Amino acid sequence: MSRPAPSPVYTLRGASAPLNSLHFRCPGGETPLLFSGSAKGTIHIWNLNSRRAERVVEGHSGQSILWLSTLRSGDALISQGRDMQICLWDLKEGRSEAVDSVWTGSVGFCQCSLLETSPSNYLLAFAGQETEEIQITEMPSKKPVCTLMPDTKLGMVMCLQLWKPDSGLGPLLFAGYEDGSMLLWDVTQRSELSRVKAHPEPVMCLTFDPRLRRGVSGSCEKKLSSWMVDSQNNIQLQDSVVLVNPGVSQLRIRDDGRLLASAGWDHRVRVFGWKKLRPLAVLQYHTDMVLSVAFSDHQDPRQRLLAAGSKDQRISLWSIYNETADKALQGSTD
């Protein structure tokens with residue numbers, strides 16, 4: 001007999017707009033929080049203990065929020081909007097105005113990427129004003145680091161991820177483009193290291209596991225494409241995973257490297273074992289496209305959650321790490 005489909009442990013309502021971005025901050029000893037960014041430009045800060053929004057921030061002139069993140073220090077929130085601004089917020093002071101901002105010039109939907117290089121400095125990579133342009137800026141000084149442009153026409157930049165290899169090389173950057181190409185850039189040398197045709201359609205999303213040097217990308221087609229980065233920093237395409245329905249909005253790997261979640265255009269969240277990309281669960285709750293997914297960073301594995309934000313204006317939260325399920329998931333991902 002097949003197991004019954006799981007249900008959300010609870011849902012969050014009140015954003016009153018599609019949920020484009022989700023980000024957890026659940027440090028030990030502090031109130032666990034979930035940040036959500038909506039299509040009407042509001043950032044809700046949800047208290048996961050009370051299951052209510054403890055603050056609502058409006059800082060992008062009513063333009064859609066594309067991306068959210070926090071710094072490791074925990075006191076700073078960073079948001080990116082369709083108003084071409086990336087804003088920095090001081091959570092400790094609770095101010096309702098952004099304390100700093102960076103103008104991107106990009107009219108697209110590409111989410112920026114953040115890489116902390118020291119306790120006080122970090123890099124931001126974002127799509128620039130030109131079609132294929134990627135800008136990388138050092139923060140908080142806002143010093144331009146480089147501009148990356150491919151030598152051929154690939155269309156708009158669709159998705160980005162910065163990472164730092166253990167080999168001692170400077171920061172590297174994955175970029176997915178409108179024509180289905182994926183490039184690996186050396187930020188320090190401002191040079192292209194590798195290029196593959198990952199999809200026949202635009203690369204809508206990608207995520208990368210630096211420990212395994214392995215990543216996965218999604219498009220509007222009915223498959224996920226997995227790939228590796230070899231010791232020469234060449235992208236090597238590997239297996240693909242065929243989906244039941246086309247379209248993936250976002251992909252996320254859990255911090256422990258065991259699970260992968262996908263946000264589907266078919267209203268579903270799919271969970272895979274990351275090691276072998278084995279399908280583990282299909283989470284059905286939403287009545288419209290799932291636009292965002294995020295794994296919580298609770299220190300206690302038993303408290304970990306998976307959140308999904310949808311065009312139906314609701315956030316679902318799922319427990320996929322209770323004691324019974326964990327045994328099954330561990331068996332599936334070994």
Side-chain angles (χ1 to χ4, degrees), residues 20-21 66-67 69 80 82 104 106-115 123-136 146-163 165 171-187 190-210 212-230 233-241 243 246-253 260-265 272 274 277 289-293:
N20 297 324
S21 181
L66 298 177
W67 173 86
S69 188
Q80 176 193 10
R82 286 298 309 282
T104 68
S106 172
V107 298
F109 292 87
C110 180
Q111 297 181 330
C112 65
S113 180
L114 179 151
L115 178 68
L123 296 178
L124 279 177
F126 50 87
Q129 194 168 1
E130 302 297 325
T131 301
E132 280 106 353
E133 179 185 352
I134 299 169
Q135 294 281 352
I136 299 180
C146 65
T147 298
L148 303 175
M149 289 278 286
D151 55 11
T152 54
K153 295 291 185 183
L154 304 178
M156 292 181 69
V157 183
M158 305 297 293
C159 48
L160 300 169
Q161 184 167 338
L162 282 163
W163 65 290
L172 304 183
L173 173 75
F174 287 105
Y177 293 84
E178 190 176 3
D179 79 333
S181 295
M182 188 167 58
L183 273 61
L184 178 59
W185 293 93
D186 184 323
V187 173
R190 300 165 174 75
S191 63
E192 179 186 326
L193 296 175
S194 181
R195 178 188 302 205
V196 295
K197 184 81 168 179
H199 298 271
E201 301 289 341
V203 185
M204 303 300 296
C205 53
L206 64 84
T207 188
F208 182 70
D209 183 346
L212 298 180
R213 295 177 67 94
R214 179 168 174 246
V216 62
S217 52
S219 182
C220 52
E221 59 189 323
K222 293 171 62 173
K223 77 167 189 177
L224 303 178
S225 179
S226 70
W227 30 273
M228 295 280 294
V229 177
D230 66 19
N233 289 319
N234 292 311
I235 305 172
Q236 305 284 353
L237 293 177
Q238 294 193 302
D239 299 332
S240 59
V241 177
L243 304 174
V248 181
S249 303
Q250 200 167 57
L251 293 162
R252 286 289 181 266
I253 300 166
L260 169 73
S262 68
W265 295 3
F272 303 85
W274 174 227
L277 287 178
M289 294 171 61
V290 181
L291 302 174
S292 51
V293 285

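We use all heavy atoms of the structure for the numbers below, so side chains are in, but hydrogens, waters and symmetry mates are not. Just so you know, these numbers come straight off a predicted model, no measurement behind them.
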Item to check | side chain to side chain contact (heavy atoms under 4.5 Å, CB included) between Asp186 and Asn233, intermediate numbers included | outcome: CA-CA 10 Å; Asp186 184 323; Asn233 289 319; over 6 Å; no
Checklist entry - Quick one: does Arg82's side chain have a donor or acceptor within less than 3.5 Å of a partner on Leu66's backbone? => result no
Checklist outcome for this item: Which of Leu124, Ile134, Leu206 passes side chain to side chain contact (heavy atoms under 4.5 Å, CB included) with Leu160? It is Ile134
Next on the checklist: Would the distance check show the side chain of Gln80 and the main-chain N or O of Cys110 forming a donor-acceptor pair, the cut-off being under 3.5 Å?
Outcome noted: yes
Next on the checklist: Measuring from atom CZ of Arg252 to atom OG of Ser292, what distance do you get when rounded to the nearest 0.5 angstrom?
Outcome noted: 8.5 Å
Next on the checklist: Walk me through whether Leu260 and Val216 qualify under side chain to side chain contact (heavy atoms under 4.5 Å, CB included).
Outcome noted: CA-CA 9 Å; Leu260 169 73; Val216 62; 3.9 Å; yes
Item to check | Ser194 side chain vs Ile235 backbone, donor-acceptor pair below 3.5 Å | outcome: yes
Item to check | Distance-only side-chain donor-acceptor flag, Ser225 / His199, under 3.5 Å | outcome: no
Item to check | Heavy-atom pair with the smallest gap, counting every atom of Glu132 and Lys153 | outcome: OE2-CA, 3.2 Å
Next on the checklist: Looking at every heavy atom in both Cys112 and Phe126, which two are closest together, and how far apart are they?
Outcome noted: CB-CB, 3.7 Å
Checklist entry - Where do Asp230 and Asn234 come nearest, in terms of heavy atoms and distance? => result OD1-N, 2.8 Å
Next on the checklist: I'd like to know if the side chain of Ser219 reaches the main chain of Met204, judged simply by a donor and an acceptor atom lying under 3.5 Å from each other, with no hydrogens or angles considered.
Outcome noted: no
Checklist entry - Less than 6.0 Å separating the ring centroids of Trp227 and Phe174? => result yes
Item to check | Exceeds 12 heavy-atom contacts within 6.0 angstrom, atom CG of Asp239 | outcome: no
Next on the checklist: I want to check something: taking the side chain as every heavy atom from C-beta on, are Val157 and Tyr177 in contact at a cut-off of under 4.5 Å?
Outcome noted: yes
Checklist entry - Do Gln161 and Thr207 come within less than 4.5 Å of each other through their side chains, counting heavy atoms only? => result yes
Item to check | Donor-acceptor contact present, side-chain Trp163 to main-chain Pro210, <3.5 Å | outcome: no
Checklist entry - Which atom pair, heavy atoms only, marks the closest approach of Leu237 to Ala198? => result CD2-CA, 4.2 Å
Next on the checklist: Would you say that Val187 contacts Leu172 through its side chain, given a criterion of any heavy-atom pair below 4.5 Å between the two side chains?
Outcome noted: no
Checklist entry - Are the side chains of Phe208 and Ser217 in touch, meaning some heavy atoms are under 4.5 Å apart? => result no
Checklist outcome for this item: salt bridge (charged side-chain N to carboxylate O under 4.0 Å, His left out) filter on Asp209, not counting sequence neighbours, yields Arg211
Checklist entry - Quick one: CG on Leu114 to OG on Ser69, what's the gap to the nearest 0.5 Å? => result 5.0 Å
Next on the checklist: Under a 3.5 Å threshold, yes or no: a donor from one side chain and an acceptor from the other, between Ser249 and Trp265?
Outcome noted: yes
Checklist entry - Looking at side-chain heavy atoms only, is the closest gap between Leu148 and Arg190 below 4.5 Å? => result yes
Checklist entry - Just by modelled atom types, is the Met156 backbone N or O under 3.5 Å from a matching donor or acceptor in the Glu178 side chain? => result yes
Checklist entry - Are Leu173 and Pro171 close enough that some pair of their side-chain heavy atoms sits under 4.5 Å apart? => result no
Checklist entry - For residues Gln135 and Thr147, is any side-chain donor paired with an opposing acceptor at under 3.5 Å? => result yes
Checklist entry - With distance as the sole test, does Gln129 use its side chain to make a donor-acceptor pair with the main-chain N or O of Thr104 at under 3.5 Å? => result no
Checklist entry - For the side chain of Ser106 and the backbone of Gly108, is there at least one donor-acceptor N/O pair under 3.5 Å apart? => result yes
Checklist entry - What pairs of residues pass the salt bridge (charged side-chain N to carboxylate O under 4.0 Å, His left out) test when at least one of them lies in residues 213-223, not counting sequence neighbours? => result none
Checklist entry - Any idea which heavy atoms bring Gly155 and Thr131 closest together, and the distance? => result C-CG2, 3.5 Å
Item to check | Interatomic spacing from SG in Cys146 to CD1 in Ile136 - rounded to 0.5 Å | outcome: 4.0 Å
Next on the checklist: Are Asn20 and Phe109 packed together at the side-chain level, in the sense that at least one heavy-atom pair is separated by less than 4.5 angstrom?
Outcome noted: no
Checklist entry - Stepwise, does the side chain to side chain contact (heavy atoms under 4.5 Å, CB included) test hold for Ser181 with Leu183? => result CA-CA 7 Å; Ser181 295; Leu183 273 61; 4.1 Å; yes
Checklist outcome for this item: Quick note, salt bridge (charged side-chain N to carboxylate O under 4.0 Å, His left out) partners involving residues 192-201, not counting sequence neighbours, are Asp151-Arg195, Asp179-Lys197, Glu192-Arg195
Checklist entry - Do the non-hydrogen side-chain atoms of Phe272 and Leu224 ever get within less than 4.5 Å of each other? => result yes
